[in-house]
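Report on the following structure.
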Amino acid sequence: MYDVHAVQEKWLPVWDEIAPFRSGRPDDTRPRKYVLDMFPYPSGDLHMGHAEAYAMGDVIARYWALKGFNVMHPIGWDSFGLPAENAAIKNNVDPALWTDENIAQQKASMRRYACSFDWDRVLQTSDPAYYRWNQWLFVQMFERGLAYRKDSAVNWCPTCQTVLANEQVVAGRCERCDSVVTKRKLTQWYLKITDYADRLLDDMAQLEGKWPEKVLLMQRNWIGRSTGAEVTFAIDGRAEPVTVYTTRPDTLFGATFFVVAADSALAAELAAGTPSEGEFTAYVERIKADSDIDRLATDRPKTGVFLNRHAINPVNGALIPIYAADYVLADYGTGAIMAVPAHDQRDFEFAKVFDLPVVTVVEPPADWEGEAYAGDGPAVNSDFLNGLRKAEAIDAMIAWLEERGLGKGAVNYRLRDWLISRQRYWGTPIPIIHCPSCGEVPVPADQLPVTLPPAEGLDLKPKGTSPLGGAADWVNVDCPRCGQAAKRDTDTMDTFVDSSWYFLRYLDPNKTDGPFDVEQAREWMPIDQYVGGVTHAILHLLYSRFFVKVLNDMGMVDFNEPFTRLLNQGMVVMNGSAMSKSRGNLVRLTDELAENGVDSVRLTMVFAGPPEDDIDWADVSPSGAKKFLARAWRLSGDVTSAPGVDVTTGDLSLRQAVARTVDDAAKAVESYRFNVTVAKTMELVNITRKAIDSGVGPSDPAVREAAEAVAKMLSLVAPYTAEEMWERLGHTPTVALSGWPEVDPALLVQESVVCVVQVAGKVRDRLDVSPDISETELRELALASPAVTAALAGASIRTVIVRPPSLVNIVPGS
RNA sequence: GCCCCGAUAGCCCAACCGGCAGAGGCAAUGGUCUCAAACACCAUCCAGUGUGGGUUCGAAUCCCACUCGGGGCACCA
C-alpha cells in the first residue's frame with residue numbers, strides 16, 4: 001500500500017541534505033537557465049492559487065534540470081505593503097514581526113510542497129539590505145531626471161486616507177475598503193516612465209510569440225500611442241495662443257467649438273473675469289465631488305459651461321466658442337481640444353446639449369447611418385483638402401500647418417508617469433531630504449539605507465499623511481549639502497518599485513556594494529522563463545521592463561527585456577467563481593494536502609487543463625490523482641530485472657511505446673501543454689501495466705526502461721512518488737537529477753503506418769503501408785482495394801488526392 | 001460602447017501544416033478477485049465539435065455573421 005504521507009516525511013530531509021537545486025556552483029559547467037516564479041506576498045500561509053502557480057513553474061524548472069541545465073529557480077517575498085500594515089494596526093503588532101512570521105510559514109509550506117527552489121538565493125523586500133538598493137536606484141533616477149515631484153490630481157481613498165495606485169481602484173472603489181474613490185490635488189513623486197513609452201512599445205517585437213498575445217495587447221493598449229497633430233489656436237483677447245492635440249487634423253474645417261478641461265489651470269484663467277466665472281466655479285465644485293463611479297456611468301449626458309470666450313480656427317479664421325467641460329481630460333494631450341461634432345461622437349453629444357453647429361467635412365458613404373462619422377471618405381467643405389481621402393488629408397493638413405507655423409505632427413500616449421509616493425509606513429522610505437535652501441537633496445549613497453524608524457510609538461492609522469511624519473527624531477536631519485536643519489521626505493515607495501528589479505537581486509542576494517552583480521547578470525539574464533498570474537499583465541511587467549531599460553541606459557545590463565518567455569497560469573476557482581470566505585466556497589490548501597498529499601494536489605493542478613486556464617476545483621479529482629500515483633508506484637515494485645540491465649535487449653514494441661510517450665511528453669512540456677505531459681505519462685503507465693500483467697512480463701528489460709521513464713516523467717509533477725519509485729527501482733537519489741529519458745530516434749520510426757482510403761470523403765479502407773511510400777505506389781495500392789471498387793460501384797473517378805503515407809481520397813465523377 | 005479569448009461525450013480535457021473526432025482522466029455500467037466489501041485488475045458505454053452560411057476533394061481546425069461564456073479598456077480627442 002502506498003502511504004503518501006510517510007513518503008513525504010521520508011524524502012524531505014534527504015533532499016535538504018542533497019540540495020539538488022542549488023544553482024551556479026563555480027565548477028558547474030552545465031548550460032544555464034533562469035526560471036522564475038513571481039514572488040508571493042506574505043499574507044498568511046500559501047493558498048490554492050500559490051499551489052497552482054508553483055506546480056506549473058516547477059514543471060518547467062524540473063524539466064530543464066532533468067535535461068541537464070544548471071537551472072536557477074529562486075524565490076523570495078514581496079514583503080512590503082498594506083496587508084502587513086493593516087494587520088499591524090488591527091492587532092497592534094509590528095508589521096515586521098507579522099511579515100517575518102508569515103514568511104517563515106510560507107517557506108516551510110513551500111519546502112513541503114517540494115518546490116525546486118534554490119534555498120541559497122532568498123530575499124525579502126522589507127529587508128534594509130534589499131530596500132537600500134531601491135533607494136539607490138531612486139537616487140540614480142533622480143539624478144537622471146527620471147524621478148521628479150509634481151502637483152497633480154490623484155486617486156484618494158477617504159476611508160484609508162491615502163493615495164491609491166490606479167491598480168488599487170477597482171470600478172471606482174477602493175479595492176481594500178470598497179469606499180468610493182475621489183480625486184485630490186497632491187504633490188507626489190513620479191518616475192518618468194513616459195520617456196520610455198516608445199521603447200516599451202517597440203521592444204515588444206522581441207516578445208512576439210514568446211509572451212501571451214493577450215498580455216502584449218494589453219500593454220500596447222495601456223501605452224496607447226496615438227499619432228496626429230498639434231494645432232495652435234489663437235484666443236480672442238489673450239496674448240498666448242492655445243495648442244490642442246488631435247488625431248484628425250483633416251477635420252479642422254469642421255471644428256465648430258473648443259473645449260478645455262474644466263479642472264485645468266487654463267480653464268480657470270479663461271473663466272476669470274468673465275460673466276461665466278460664477279457658473280464655472282460652481283461647475284468645477286460639482287465635478288470635483290463626482291467620483292469615478294459617476295465617470296464610469298455609460299451614456300452619461302455631457303455637461304459644461306460656456307466661458308464667454310472665443311478661439312480662432314486657424315484654417316478659416318472663424319470665431320468659435322470656448323467651453324469648459326469634464327469630458328476633456330486635463331492630463332492628456334494639452335488638456336484642450338478642438339471639437340468636431342460631425343466626426344466625433346463625444347463632440348456630437350456635447351453639441352446636441354448646447355445646440356452648437358455641426359459641419360460635415362468628410363463625406364460618409366451613402367448608406368451610412370449614425371451621428372458622428374469617424375470613417376474614411378473624401379473631404380468636403382474643406383477648401384484645399386476637398387476630395388482627399390482621410391490619410392492624404394491628414395498629411396496635407398499637417399504640411400499646411402507646418403508651413404505656416406500653426407502646428408505640427410505629434411504623438412501622444414495614454415501612459416502616464418508612475419506615481420510612487422505612498423502615505424504609508426510599511427514601505428521603502430523615499431531617500432530625499434527637503435532643505436529650505438538646497439531644495440530636494442538626495443541622501444548620499446554612503447548614508448543609505450534610510451531605514452524605517454521603529455513602528456513602536458508611531459501611529460500607523462491612516463490619517464492622510466505618512467506615519468513617518470510622527471517620528472520627529474527620524475524626520476529632522478541636517479541637509480547633507482549645506483548642513484542646515486532639514487527634513488526627510490516622509491512618504492514611502494509604491495511596492496511595485498520593489499518588484500521591478502528583484503529578479504536581478506537573486507543573482508547575488510547578499511551583495512553589499514551594489515544592487516546586483518553585473519557580471520552574473522551577463523551570465524544569467526534575461527530570464528528564460530517567467531511564470532505568474534495574468535493580474536500582473538500590465539503594471540508589474542511594464543514597470544520591470546521600464547527599470548531594465550533604465551538600467552540598460554545606465555550601462556548596468558546589456559539587454560533590453562527582462563523576461564524572454566512568459567507563462568500566465570490561471571486561477572483556482574470553486575463552482576465557477578473566485579474562492580472567498582464570504583461566498584463560502586473557500587478550499588483550504590492545507591486540507592487538500594492533508595487529505596490527498598502534496599503529489600496528488602500538484603498532479604491535479606497540472607493535469608486539470610492547459611496552464612493558462614482557470615481550474616474549477618469542483619471539476620477535478622485529487623482522489624483520482626492519488627489513485628493514479630499509487631498505480632504508477634506499483635509498477636516500480638513489479639520490475640524484476642536488475643538496475644543497469646541492457647534495455648536495448650528489451651521488447652521492441654514496448655520500447656517504441658516508451659520512446660513515443662517520452663518524446664510526446666517532452667514536446668508537450670516545451671509547448672506548455674503540461675496536462676498533455678501528464679496524459680502521456682498515464683498512457684505509459686497503462687502500457688507498462690499491461691506489459692507486466694499480460695504481455696512480455698515483469699522481467700523484460702523494456703519494462704524496467706518503461707518504469708524508469710515513468711519515474712522521471714512523474715518527477716516533474718509528483719516528486720515524492722517519483723523519488724520513491726526511483727529508489728524501489730534500485731537507484732539512489734535523486735531522480736530529479738537523473739536525466740530526462742533518452743530516446744533513440746530509431747525507435748520513433750514506425751515500420752508501417754495505417755493509411756486511410758476515402759471515397760468521396762468517407763473512409764472505405766485502411767492499408768498498412770511503409771511510411772515513405774511514394775505517391776504513385778500509394779495511389780495504385782488504393783485503387784486496387786476491393787473496398788474502393790465496391791464503394792465506387794462502377795462510377796468514374798474524377799480526381800484522386802494522395803497524401804502519402806496517411807491518406808488517399810478518391811473523388812468519383814458526378 | 002470598443003477590443004481580445006473561448007465553446008469538442010454527463011463532466012474536465014486531447015487532436016502537429018485543414019486529412020480516421022479520442023490521447024488521458026472523472027462519473028456511470030458490467031465482470032474478475034473476495035465469505036462479503038473496499039482496493040486492484042479487465043471490459044463496456046457515450047459526442048460528430050455552440051448556431052447559420054461560405055471556401056475546399058476534404059473543416060473541430062480557414063473566412064463571414066450570430067448566440068452564449070470569460071477577460072481587458074472605458075469620455076485618451
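Per chain, numbering begins at 1; letters A, B, ... match sequence-line order. The figures that follow rest on heavy atoms only: side chains count, while hydrogens, waters and symmetry mates do not. As the structure is a computational prediction, the values presented were derived from the model and not from experiment.
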Chi angles and distances behind the salt bridge (Lys or Arg N to Asp or Glu O under 4.0 Å) call for A:D638, A:R634: CA-CA 7 Å; A:D638 291 346; A:R634 249 177 272 122; over 6 Å; no
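- Only the P atoms considered, B:rA60 is 14 Å distant from B:rA7, to the nearest whole Å.
- The partner of B:rG1, taking Watson-Crick or G-U wobble pairs whose two distances both stay under 3.5 Å, is B:rC73.
- Atoms CG (A:D331) and P (B:rC75) sit 11 Å apart, rounded to a whole Å.
- The phosphate of B:rC57 has neither OP1 nor OP2 within less than 4.0 Å of any side-chain N or O from A:R803.
- Nucleotides B:rU55 and B:rC63 place their P atoms 16 Å apart, quoted to the nearest Å.
- Here the nucleotide nearest the side chain of A:N809, chosen from B:rC4, B:rC57, B:rA77, is B:rC57.
- As the counterpart of B:rU56, no nucleotide is assigned, since no Watson-Crick or G-U wobble pattern has both distances under 3.5 Å.
- As rounded to the nearest Å, B:rU56 and B:rU61 have P atoms that lie 16 Å from one another.
- Checking the phosphate oxygens (OP1, OP2) of B:rA77, a side-chain nitrogen or oxygen of A:Y332 falls inside 4.0 Å.
- B:rA36: no Watson-Crick or G-U partner with both key distances under 3.5 Å is found in any strand.
- Under the Watson-Crick or G-U wobble criterion, with both distances below 3.5 Å, B:rG22 is paired with B:rC13.
- Between the CG atom of A:D3 and the P atom of B:rC39 there is a distance of 18 Å, rounded to whole Å.
- The distance between the ring centers of A:Y413 and A:Y332 does not fall below 6.0 angstrom.
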Do nucleotides 5-17 of chain B as a string where each nucleotide becomes B, S or -: B if the base has a protein heavy atom under 4.0 Å, S if just the sugar-phosphate does, - if no protein is that close. ------SSSSS--
Are A:E208 and A:R220 close enough, and set up right, to give a salt bridge (Lys or Arg N to Asp or Glu O under 4.0 Å), and what steps lead you there? CA-CA 12 Å; A:E208 209 68 59; A:R220 278 196 192 95; 3.0 Å; yes
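- Mapping A:A336 and A:N221 onto RNA chain B by nearest heavy atom places A:N221 at the nucleotide closer to the 5' end.
- Considering CD1 of A:I223 and OH of A:Y196, their distance stands at 14.0 Å, rounded to 0.5 Å.
- Applying the salt bridge (charged side-chain N to carboxylate O under 4.0 Å, His left out) rule to pairs touching residues 601-625 of chain A yields A:D58-A:R602, sequence neighbours excluded.
- Here, B:rC62 and B:rG18 have their P atoms 9 Å apart, quoted to the whole Å.
- Counting only heavy atoms from C-beta on, A:V811 has its side chain closest to B:rC57 among B:rA23, B:rC57, B:rA77.
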Determine whether A:D326 and A:K302 satisfy the following criterion, salt bridge (Lys or Arg N to Asp or Glu O under 4.0 Å), listing intermediate values before the conclusion. CA-CA 8 Å; A:D326 68 348; A:K302 292 278 180 288; over 6 Å; no
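- Comparing the same atom, P, in B:rC64 and in B:rG69 gives a spacing of 23 Å after rounding to whole Å.
- B:rC45 and B:rG24: their P atoms are spaced 14 Å apart (whole Å).
- Among the protein residues, A:Q758 comes within range of the nucleic acid bases, having at least one heavy atom under 4.0 Å from a base atom.
- For A:R631, taking side-chain heavy atoms from C-beta onward, the closest of the listed nucleotides B:rC42, B:rC26, B:rG19 is B:rC42.
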Start with the C-alpha gap between A:D664 and A:K680, add the side-chain angles, then the distance that decides, and say whether salt bridge (Lys or Arg N to Asp or Glu O under 4.0 Å) holds. CA-CA 7 Å; A:D664 286 351; A:K680 292 296 163 190; 3.7 Å; yes
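- B:rC57 atom P lies 15 Å from atom CZ of A:R779, rounded to whole Å.
- Counting to the nearest Å, the P atom of B:rA23 and the CE atom of A:M713 are 17 Å from each other.
- Glycosidic torsion of B:rC46 falls outside 90° of 0, placing the base in anti.
- For the pair A:D638 CG and B:rA40 C1', the interatomic distance rounds to 12 Å; values are reported in whole Å.
- Taking atom C1' in both B:rA59 and B:rG19, the straight-line distance is 10 Å, to the nearest Å.
- Considering only side-chain atoms of A:L807, the nucleotide from B:rG19, B:rA77, B:rC42 that sits closest is B:rG19.
- Base pairing annotation: B:rA43 forms a Watson-Crick or G-U wobble pair with B:rU29, both donor-acceptor distances under 3.5 Å.
- Aromatic rings from A:Y190 and A:W418 are positioned such that their centres are separated by 6.0 Å or more.
- Distances were taken from every side-chain heavy atom of A:K214 (C-beta onward) to each of B:rC3, B:rA23, B:rG71; the shortest belongs to B:rG71.
- For A:K690, the listed nucleotide lying nearest its side chain is B:rA43; candidates were B:rC41, B:rA43, B:rA77.
- With a glycosidic angle no more than 90° from 0, B:rG48 adopts the syn conformation.
- A:V244 comes within contact range of no nucleotide atom at all, as no heavy-atom separation falls under 4.0 Å.
- In this structure, of B:rC73, B:rC41, B:rG25, it is B:rG25 that holds the atom nearest to the side chain of A:M682.
- Set against B:rG19, B:rA77, B:rC4, the side chain of A:V328 has B:rA77 as its closest nucleotide.
- In A:K352, the NZ atom is crowded: over 12 heavy atoms of neighbouring residues, nucleotides or ligands sit closer than 6.0 Å.
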Where do A:L629 and A:L603 land on the side-chain contact (heavy atoms from CB on, under 4.5 Å) test, with the steps shown first? CA-CA 9 Å; A:L629 290 171; A:L603 180 72; 4.1 Å; yes
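- Among the nucleotides B:rG24, B:rA77, B:rC57, the one closest to the side chain of A:D344 is B:rA77.
- Following rounding to the nearest Å, A:R220 (CZ) and B:rC4 (P) show an atom-to-atom distance of 13 Å.
- A:S694 comes within 4.0 angstrom of no nucleic acid atom, judged by non-hydrogen atoms across all strands.
- If you check every strand for non-hydrogen atoms under 4.0 Å, A:N686 touches sugar and phosphate atoms only.
- In this structure, B:rC68 forms a base pair with B:rG6, meeting either the Watson-Crick or the G-U wobble geometry with both donor-acceptor distances under 3.5 Å.
- Residue contacts shown for A:T246 are limited to sugar-phosphate atoms, with no base heavy atom under 4.0 Å away.
- Following rounding to the nearest Å, A:R414 (CZ) and B:rC2 (P) show an atom-to-atom distance of 17 Å.
- Atom pair A:D693:CG and B:rC42:P shows a separation of 6 Å (rounding to whole Å applied).
- Using the six-membered ring where Trp is involved, A:F350 and A:F257 have ring planes that are parallel, under 30° apart on the 30 and 60° scheme.
- As rounded to the nearest Å, B:rG53 and B:rC16 have P atoms that lie 26 Å from one another.
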